[in-house]
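Have a look at the structure below before the remarks.
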Amino acid sequence: MKKNIIAMNASIMIGLGSILAAPSVYAESISNLEKQKESIQEKRSGVESNISETEKKIDNLQDKQMTAEDQIAAIEAKIAESAKKIDAKNAEITQTKKEIEALKEEIKILKERIAKRNEVLKERALSFQETGGDVNYLEVLFGSSSFGDLVDRVGAVATIAEADRDILKQHELDKKDLEEKQKAVETKLASLEVAKAELLEIQKQQKQQKQEKDALVKKLKQQTEKHEHEKMGLEEEKANLAAQEKAIKSAISLEHQRLAELEAARKKAAAEAKKRAEQEAAQAAAQAASQASQATETKKQSTSSGYSAKSNSSSSSSQSSSNVSQAPAVSSGTFTRPSAGYVSSTMGERWNKQHAGIDIAASGTVPVVAAADGVVSRSYFSSSYGNVVFVTHSIGGQQWTTVYAHLSSRQVGEGAVVAKGQQVGIMGNTGHSFGQHLHFELHKGPWNYSKSNAVNPLNYINI
């Protein structure tokens, strides 16, 4: 009898031991979740710092762009001013060329006048040569018939001599004037051409400066767009980390709830076990043999009842699972297949970009299910992912993130607790997609913009 009592107490203590051991498992899970939450908070802080740095870069680039645009405006004003000066020089050159054309007419007249004088001088020189020059004048003087006639003849000779001198003097002046006018006009024209050439060179340099500034502005705009795109990605990563932190907090709350329920169950079980042990010990002292027989029969009935309950539970679960139309069967591994269909694209390089997951294609209305138990961290519409659901998982102290993209519709919201195999949406063709399919990503850790935590789902899921 004493042995039987010891055996019963040992059995009860083993049961209690298993119940008592469970809280430590849950406590360890909560500790792991707290560490994950701290890790996400650190990453959020890092992402926020990166966003701040990116914003500074964008501001700096925009300042440089504004400065360059101001410089371009100043250069364009200088180019316009140079163009006005060039137009003025062209007008002066045109006027000077008109003056040259007018001077040509004067030169023509002067040349004709000089030519006529040359003829007169030639005749005069020929006359001098034939008559001996001054002899003609003496003959004129000695041929006078009276003193009055002599006086008249002397005056005439003086007049003729003076006229010759005037002709020669005017001849020289005309030639000098012609040379000076030609030289002045040519100098002026040459000066204008030089000034125009200098202005054209300045304008050329200004246009070159403008081209350089235009190229700089274009480069600054491209860099700004690049950083703005990077900022958008970082902000999306920040939003995802915030959502994941919220999901982790929800998971911690659930673990605390489970721990509280377990503690209550432990206390209740301990009290019941103690009471039952006392009762059984009292009865065993009075009716040892009969008590042992009844205890054996009771144990058999309890075991049969347990099997029946388990069978009913399994049947209910099976019946529940069968209600999910076209959903893939839930596998026993860590992760289950997220949808029916065939793998149309694997993870790796695609279109000069990293394809961070796999594509599963199928036609018709295809349910998409959670690959593991978790909390929905994000459920929204993305320009690239389309309708997308992010689920955060905590498995064996390791955080995982699954992504279900291009859905036609989403059936879970942020903060929802989902079970492995539970439907989260319908396969679709939204966002940057070509044809109906599910884009599925698996990340060992939180999702980030660079997708550095992405792992190949085919290494974890049998598809």
Parallel, tilted or perpendicular: which fits the ring planes of His439 and His406, with parallel below 30° and perpendicular above 60°?
tilted

Mind checking whether Tyr380 and Phe390 have parallel, tilted or perpendicular rings, split at 30° and 60°?
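Parallel: the ring planes of Tyr380 and Phe390 meet at under 30°.
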
Are any of the side-chain nitrogens in Lys218 or Asp214 under 4.0 Å away from the carboxylate oxygens of its partner?
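No, this pair does not count.
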
After noting the C-alpha distance and the side-chain angles of Val388 and Val403, does the key distance pass the side chain to side chain contact (heavy atoms under 4.5 Å, CB included) rule?
CA-CA 7 Å; Val388 61; Val403 181; 3.6 Å; yes

Please examine the side chains of [Y] and [X], heavy atoms only from C-beta on, and report whether any two atoms are closer than 4.5 Å.
X: Gln203; Y: Ile86; value: yes
X: Lys196; Y: Ile93; value: yes
X: Met427; Y: Ser408; value: no
X: Ser52; Y: Glu48; value: no
X: Trp400; Y: Val455; value: yes
X: Leu407; Y: Arg410; value: yes
X: Pro338; Y: Ile360; value: yes

For Asn459, I'd like to know if atom CG has over 12 heavy atoms of other residues, nucleotides or ligands within 6.0 Å.
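Yes, enclosed.
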
Closest non-hydrogen atom pair between [X] and [Y], with its separation:
X: Met347; Y: Pro457; result: SD-CD, 4.4 Å
X: Ala371; Y: Phe440; result: CB-CZ, 4.0 Å
X: Val366; Y: Ser339; result: CG1-CB, 4.3 Å
X: Lys420; Y: Phe335; result: CE-C, 4.1 Å
X: Ser379; Y: Val389; result: OG-CG2, 4.0 Å
X: Gly341; Y: Ala362; result: CA-CB, 3.8 Å

Pair Val418, Gln423 - check side chain to side chain contact (heavy atoms under 4.5 Å, CB included), show working.
CA-CA 8 Å; Val418 294; Gln423 188 169 338; over 6 Å; no

Examine the side chains of Lys213 and Gln71 and answer whether a donor and an acceptor come within less than 3.5 Å of each other.
yes

Under 3.5 Å side-chain donor-acceptor pair for Asn448 and Ser452:
yes

Taking the ring of Phe434 and the ring of His432, is the distance between their centroids below 6.0 Å?
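Yes.
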
Applying side-chain hydrogen bond (donor to acceptor under 3.5 Å, both in side chains) between Lys451 and each of Glu441, His443, Gln354, report the one that passes.
Glu441

Tell me, with the steps shown, if Thr365 and Ile426 meet side chain to side chain contact (heavy atoms under 4.5 Å, CB included).
CA-CA 7 Å; Thr365 302; Ile426 300 292; 4.1 Å; yes

Gap separating the NE2 atom of His393 from the CG atom of Asp373, nearest 0.5 angstrom:
9.0 Å

Take Trp447 and Thr402 through the side chain to side chain contact (heavy atoms under 4.5 Å, CB included) test and state the conclusion after the steps.
CA-CA 8 Å; Trp447 181 95; Thr402 50; over 6 Å; no

Any donor-acceptor pair under 3.5 Å linking the side chain of Glu53 with the backbone of Asn50?
no

So if I apply the side-chain contact (heavy atoms from CB on, under 4.5 Å) rule between Ser82 and each of Asp87, Leu200, Ile202, which one comes out positive?
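With Ser82 as partner, Asp87, Leu200, Ile202 yield a single side-chain contact (heavy atoms from CB on, under 4.5 Å), made by Ile202.
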
